[in-house]
Every structure is written in structure tokens, then in C-alpha cells.
There are 2 protein chains.
Amino acid sequence: MEFDANRPIWLQVMNALETDIITGRRKPGEKLPGGRDLALRFEINPNTAARVYQELEKTGLCETRRGMGTFVTGDETVIASARNDFIRQTVKNFLQRMAQLGETPQSAARMILREEE
Amino acid sequence: MEFDANRPIWLQVMNALETDIITGRRKPGEKLPGGRDLALRFEINPNTAARVYQELEKTGLCETRRGMGTFVTGDETVIASARNDFIRQTVKNFLQRMAQLGETPQSAARMILREEE
DNA sequence: CTTAGTGTACTGTGCATATAGTACACTAAT
DNA sequence: ATTAGTGTACTATATGCACAGTACACTAAG
């Protein structure tokens with residue numbers, strides 16, 4: 001995975017895990033990689049990996065149990081609502097940015113569909 | 001202006017100026033605020049403001065003349081092509097993110113138009 | 001020439017990030 | 001009891017960002 005130099009690495013890894021969870025690539029209750037394992041996979045420092053889980057736990061999408069590891073939450077309503085929030089926010093940000101650039105939602109939608117031709 | 005704590009301030013201010021230029025809110029050849037003035041307007045450090053123009057000049061959207069100030073480029077083709085690149089990149093990023101979240105361009109376009117009802 | 005506005009170049013400080021390395025405590029399985 | 005895997009907590013170093021403050025050089029206008 002390549003990192004954007006202008007955002008903290010722990011944030012980018014956290015977002016990657018969040019995406020895995022809300023799209024179901026990581027199932028509810030599933031065990032996530034241990035801190036040291038995560039560090040190896042993403043080629044980051046174990047300390048940075050630890051922070052990923054500390055921050056991710058605050059979102060409620062996972063739970064950490066000392067000595068056992070970190071697990072995807074079993075509460076599927078939390079996951080579903082997180083997915084909703086993510087999509088809503090992504091669309092909102094996109095439209096805001098396009099409005100700044102002088103485009104309307106209609107023209108934005110047209111561009112998206114034109115990409116498919 | 002409020003800043004995202006997770007991205008450098010100079011980058012965010014630079015993006016704001018870029019947006020002003022490519023949307024025509026700042027005209028070709030127009031003089032931009034001086035470094036100290038920019039610092040006051042955005043409530044940032046003069047050093048940070050200086051960096052904004054140093055980085056912005058690299059994009060070709062403005063030119064700095066020592067003792068005189070920084071000016072929007074007079075080359076309108078540069079501006080037009082920058083505007084194209086920005087929009088294209090924004091749409092591309094949006095579709096990539098939506099794909100990660102399991103949405104298609106069609107569903108994305110539908111969500112955008114639904115926002116307008 | 002003097003002045004105001006400007007870009008540029010430093011020093012120094014504080015903070016967050018990311019790294020390396022070490023150590024300790026908890027849990028489950030053997 | 002031992003072991004492997006795990007979370008957690010430190011120390012220490014290096015880097016980038018943002019800040020405060022100061023100084024100098026260039027340009028145009030009076």
C-alpha cells in the first residue's frame with residue numbers, strides 16, 4: 001500500500017480497515033491481524049499499528065481484548081450505519097468540491113455516466 | 001477559514017487559491033495578496049504564507065516577482081488545463097472511493113441526483 | 001533619497017508523526 | 001509450568017509542520 005505523504009499513516013491504515021469492515025470484506029466478530037502482524041503487512045512501525053487499533057476502537061467498529069487481539073464488532077447495526085455515514089459523507093464532499101469548481105450536481109452526474117462510455 | 005488538522009495548512013491555503021484561480025474568481029495577471037497580507041487573512045504565520053506561494057508557483061498557476069509580489073499567470077491555457085485536471089481528478093477519486101464502498105457509477109449518479117429532490 | 005510594500009533568509013521553539021528498540025502483562029493452548 | 005500470540009507502555013531519535021521574531025534585499029512611488 002502506498003501512503004499519501006500529507007496525511008498520517010495510522011489514519012490511512014485505519015481508513016483501509018474501516019472500508020474492509022463496512023463492505024463486509026471483514027465479517028462481524030472476525031479477528032483482525034495482531035499489532036505486529038499488521039505492522040508487517042502494511043510495512044509500518046508496530047507503534048503506528050497499535051495506534052491504528054486504538055483509534056479504530058473509538059469508532060465502535062472493533063473491540064480490543066487484551067491478550068486476545070482486536071475483533072470486528074458483532075453489532076451489525078453499527079456497521080450498517082457506519083457504511084451509510086461513509087457514503088453520505090463521500091457524496092457530500094464530492095458535491096461540495098464540484099460546486100467550488102463551478103459544477104452543478106447535474107453536470108457532475110453527467111460526467112460520471114460519461115466515464116462509462 | 002477552518003483547517004483540517006490532518007493536512008498541512010500551507011497545502012490547504014494553496015488549494016483555496018488554486019480554486020479561486022481556476023474558477024476565475026482571480027483573473028489572469030491579477031496581483032495576489034502579499035505574504036504578510038495573506039498571513040493576516042488566513043490567520044496563519046507569515047512563514048507558512050510564504051511557503052504557499054513557493055509551492056503554488058511550482059504549479060505554474062502564478063508567478064512571483066521579487067519586490068513586486070505574486071501574480072496569477074497570464075497564460076489562460078495553463079489555467080484552463082489545470083481546471084480540467086482538477087475536475088477529472090475529483091471525479092476519478094470520487095468513483096474510486098465509491099467503488100471501494102461497493103457502489104457503481106450508476107448508483108453514485110443516482111444518489112447525487114436524489115440529493116436534489 | 002526616502003518610504004512602503006514586497007520576497008527572501010535566517011534562528012529558535014514546540015508539537016505531532018513515524019521510526020527503532022525494549023520490556024512487561026494478559027490469554028489461550030500445550 | 002511453559003510457550004506463543006497478543007496488547008500495552010516506555011525511552012530515544014529523526015523529520016516535518018507551524019509558529020514567533022528578526023533581518024536583509026528588491027521594486028515602485030513619492
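We use all heavy atoms of the structure for the numbers below, so side chains are in, but hydrogens, waters and symmetry mates are not.
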Nearest-neighbour nucleotide for the B:Thr64 side chain, C:dT8, C:dT19, C:dT6 considered: C:dT8

Interatomic distance, B:Tyr53 OH vs C:dT6 C1' [rounded to whole Å]: 11 Å

Between C1' of D:dA18 and CE of B:Met1, the distance in whole Å: 15 Å

ILVMFWY network linking B:Val78 to B:Phe71, side-chain heavy atoms under 4.5 angstrom: no

Under 3.5 Å side-chain donor-acceptor pair for B:Thr70 and B:Arg65: no

Sugar-phosphate only, base, or nothing, as touched by A:Thr48 at under 4.0 Å among non-hydrogen atoms: base

Atom-pair distance (CG on B:Asn6; P on C:dT17), nearest Å: 7 Å

Gap between atoms CD1 and C1', on A:Ile44 and C:dT17 respectively (whole Å): 12 Å

Candidates D:dA9, C:dC24, C:dT6 - which lies nearest the side chain of A:Asn47: D:dA9

Verdict with supporting geometry, B:Glu103 and A:Arg83, salt bridge (Lys or Arg N to Asp or Glu O under 4.0 Å): CA-CA 11 Å; B:Glu103 299 292 330; A:Arg83 179 179 143 84; 2.6 Å; yes

side-chain contact (heavy atoms from CB on, under 4.5 Å) evaluation trace for A:Cys62 with A:Thr73: CA-CA 5 Å; A:Cys62 74; A:Thr73 179; 5.9 Å; no

For atom CG of A:Leu56 and atom P of D:dT8, their distance in whole Å: 13 Å

Interatomic distance, B:Arg51 CZ vs D:dC19 P [rounded to whole Å]: 12 Å

Protein-nucleotide distance (B:Asn45, atom CG; C:dG14, atom P), rounded to Å: 16 Å

A:Leu11 vs A:Met68, nearer the 5' end of DNA chain C by closest nucleotide: A:Leu11

Candidates C:dG7, D:dG7, D:dA20 - which lies nearest the side chain of A:Thr70: D:dG7

A:Glu43 or B:Gly69, whichever maps to the more 5' nucleotide of DNA chain C: B:Gly69

Phosphate OP1/OP2 of C:dG5: any B:Lys31 side-chain N/O under 4.0 Å: no

Closest-nucleotide 5' rank along DNA chain D - winner of A:Asp37 and B:Arg36: A:Asp37

Of the listed nucleotides D:dA25, D:dA18, C:dA18, the one nearest the side chain of B:Arg66: D:dA25

Salt-bridge present (B:Glu18, B:Arg26; N to O < 4.0 Å): no

Length of the line joining B:Phe3:CZ and D:dA18:P, which is rounded to integer Å: 9 Å

